[in-house]
There are 2 protein chains.
Amino acid sequence: MATADEIRQVALAQFAQNGYEATSMREIAGGVGIKAASLYNHFGSKEAILWDLTCTALTSLTQARDEALAELPAEASARERLSVFIRTHVRFHAENSHQAMLVNSQMTALSASHFQQAVELRDTYQSEMQIILRAGKRSGEFSYLDLDLTSYAILQMGIAVSMWYRPEGRLRVGQVCDVYAELAERLVCARDPGFD
Amino acid sequence: MATADEIRQVALAQFAQNGYEATSMREIAGGVGIKAASLYNHFGSKEAILWDLTCTALTSLTQARDEALAELPAEASARERLSVFIRTHVRFHAENSHQAMLVNSQMTALSASHFQQAVELRDTYQSEMQIILRAGKRSGEFSYLDLDLTSYAILQMGIAVSMWYRPEGRLRVGQVCDVYAELAERLVCARDPGFD
DNA sequence: GTCTATATATCGATAGAC
DNA sequence: GTCTATCGATATATAGAC
């Protein structure tokens, strides 16, 4: 593997587990097997590493969701779209917990400019959930009290999976996705679109 | 206010907003209006401040929940108990967002011994949710696929309120509690206990 | 591209005067 | 209980040899 990628891998694990501020360039270098000064041949600063990792995490998450939704037929119901979204969302947070924890708790360590860009990427990702919820209410499939709060609740349930899921645990990742798809449908009182 | 309490107030805000590692003793002292060395007349170390704040936050949260549940009659239904729990939970996270964010993202900065004690306090708090969910399933009020995941989901929805709720926002805290009580009931398919 | 050596700054914490 | 002064460690980052 290229050295830059080894640095990404080690830094991601350490930032996610111990926090950005609590991780030193020496510790990252030690994990790679080089000296701290050599890191600067690959990244201009410590913050540049964090920004690289944050960008990759947010775009990977969005791309995974977009690819999954693109496989649905154009006439797919809101219920189907919600199911695909939440399953991809939960699977990503289970299988990429370090990337998820980085985005969830280390973004404040970014520079002001990078932080703003990261917030925009995250908001773009989350806005698709509200589009689906609105469409489902319009079609009569969904019923909910508040769009913002319901969308936050659905997304947050899945984000938390990154904090407890372990591959060797009681449930396979597919089972976890099944449960959360059911929970999300309950939050919007999902009904079959042909119910009327 | 006693100086120790002023230190608690300033440190809580700075730890929650910028993170424990990113906050220096000089910055805390500056917020109080004293010099960094004077902090050590009130707390033995920086970690002692974090531990003090974490303990207070976790016991306050548990106490608020216990007091609210204690006001219910002994024969209260699981549905009523869930409603009181989630409303107290959400209200605390909305009105004490700094304490909530401290517990949610700075606990890893504690010493190993203190971290373990904090995890136990948090688990004790969360276990009551599972007791209510089990009772509701037994009585036929609730229906859910997985106890652990459903309880995580309910608690996590409310925890996230601390990250976005603003007193000057669109909804009063009471309205937010109403919406989340409804969302929690949906997650367990809550029905009136006298339905059969 | 990695190394040693180092610059410069800041960290948590202590000593001792007042 | 607050202050000034400072210790020793460690931080990010750079310079220059190889």
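The shown structure was predicted, so the numbers you read here are calculated from the model rather than taken from an experiment. A, B, ... follow the sequence lines: proteins, then strands. Residue 1 opens every chain.
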Reading 5' to 3' through nucleotides 6-13 of chain D, protein heavy-atom contacts under 4.0 Å coded B for base, S for sugar-phosphate only, - for none: B----BBB
Between protein and nucleotides 16-18 of chain D, what N or O pairs are separated by less than 3.5 Å?
none

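- At a threshold of 4.0 Å, the pair B:Asp178-B:Arg172 does not count as salt-bridged, since none of the basic side-chain nitrogens sits closer than that to a carboxylate oxygen.
- The salt bridge (Lys or Arg N to Asp or Glu O under 4.0 Å) contacts involving residues 118-139 of chain A comprise A:Arg81-A:Glu128, where partners must be two or more places apart or lie in separate chains.
- Formation of a donor-acceptor pair under 3.5 Å by the A:Thr56 side chain with backbone atoms of A:Leu53 is not found in this model.
- In this entry the distance linking CG of A:Leu39 with C1' of D:dA15 reads 17 Å, nearest Å.
- At whole-Å resolution of the value, CD1 in A:Ile34 and P in C:dG1 are 11 Å apart.
- In this entry the distance linking NZ of A:Lys35 with C1' of C:dT4 reads 9 Å, nearest Å.
- Remark: B:Glu6 pairs with B:Met1, B:Val32 by the side chain to side chain contact (heavy atoms under 4.5 Å, CB included) rule, at least two apart or across chains.
- Here the two rings, on A:Phe92 and A:Tyr125, have centers that are 6.0 Å apart or farther.
- A sub-4.0 Å separation between OP1 or OP2 of D:dC3 and a side-chain N or O of B:Ser38 is present.
- One atom, CD1 of B:Ile7, and another, C1' of C:dA13, lie 15 Å apart when rounded to the nearest Å.
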Give the table of side-chain donor-acceptor pairs shorter than 3.5 Å for residues 183-190 of chain A, with sequence neighbours excluded, one pair per line with atom names and distance.
| residue | atom | partner | partner atom | Å |
| --- | --- | --- | --- | --- |
| A:Glu185 | OE1 | A:Arg79 | NH2 | 3.3 |
| A:Glu185 | OE2 | A:Arg79 | NE | 3.3 |
| A:Arg186 | NE | A:Glu182 | OE2 | 2.7 |
| A:Arg186 | NH1 | B:Ser143 | O | 2.5 |
| A:Arg186 | NH1 | B:Leu187 | O | 2.7 |
| A:Arg186 | NH2 | A:Glu182 | OE2 | 3.2 |
| A:Arg186 | NH2 | B:Ser143 | O | 3.3 |

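- Considering all non-hydrogen atoms of both residues, B:His42 and B:Ala4 come closest at ND1-N, 4.0 Å.
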For residues 103-111 of chain B, tabulate all N or O donor-acceptor pairs below 3.5 Å that involve a side-chain atom, not counting sequence neighbours.
| residue | atom | partner | partner atom | Å |
| --- | --- | --- | --- | --- |
| B:Asn104 | ND2 | B:Ala100 | O | 2.8 |
| B:Ser105 | OG | B:Met101 | O | 2.8 |
| B:Gln106 | OE1 | B:Tyr20 | N | 3.0 |
| B:Ser111 | OG | B:Glu47 | OE2 | 3.3 |
| B:Ser111 | OG | B:His114 | N | 3.3 |
| B:Ser111 | OG | B:His114 | ND1 | 3.4 |

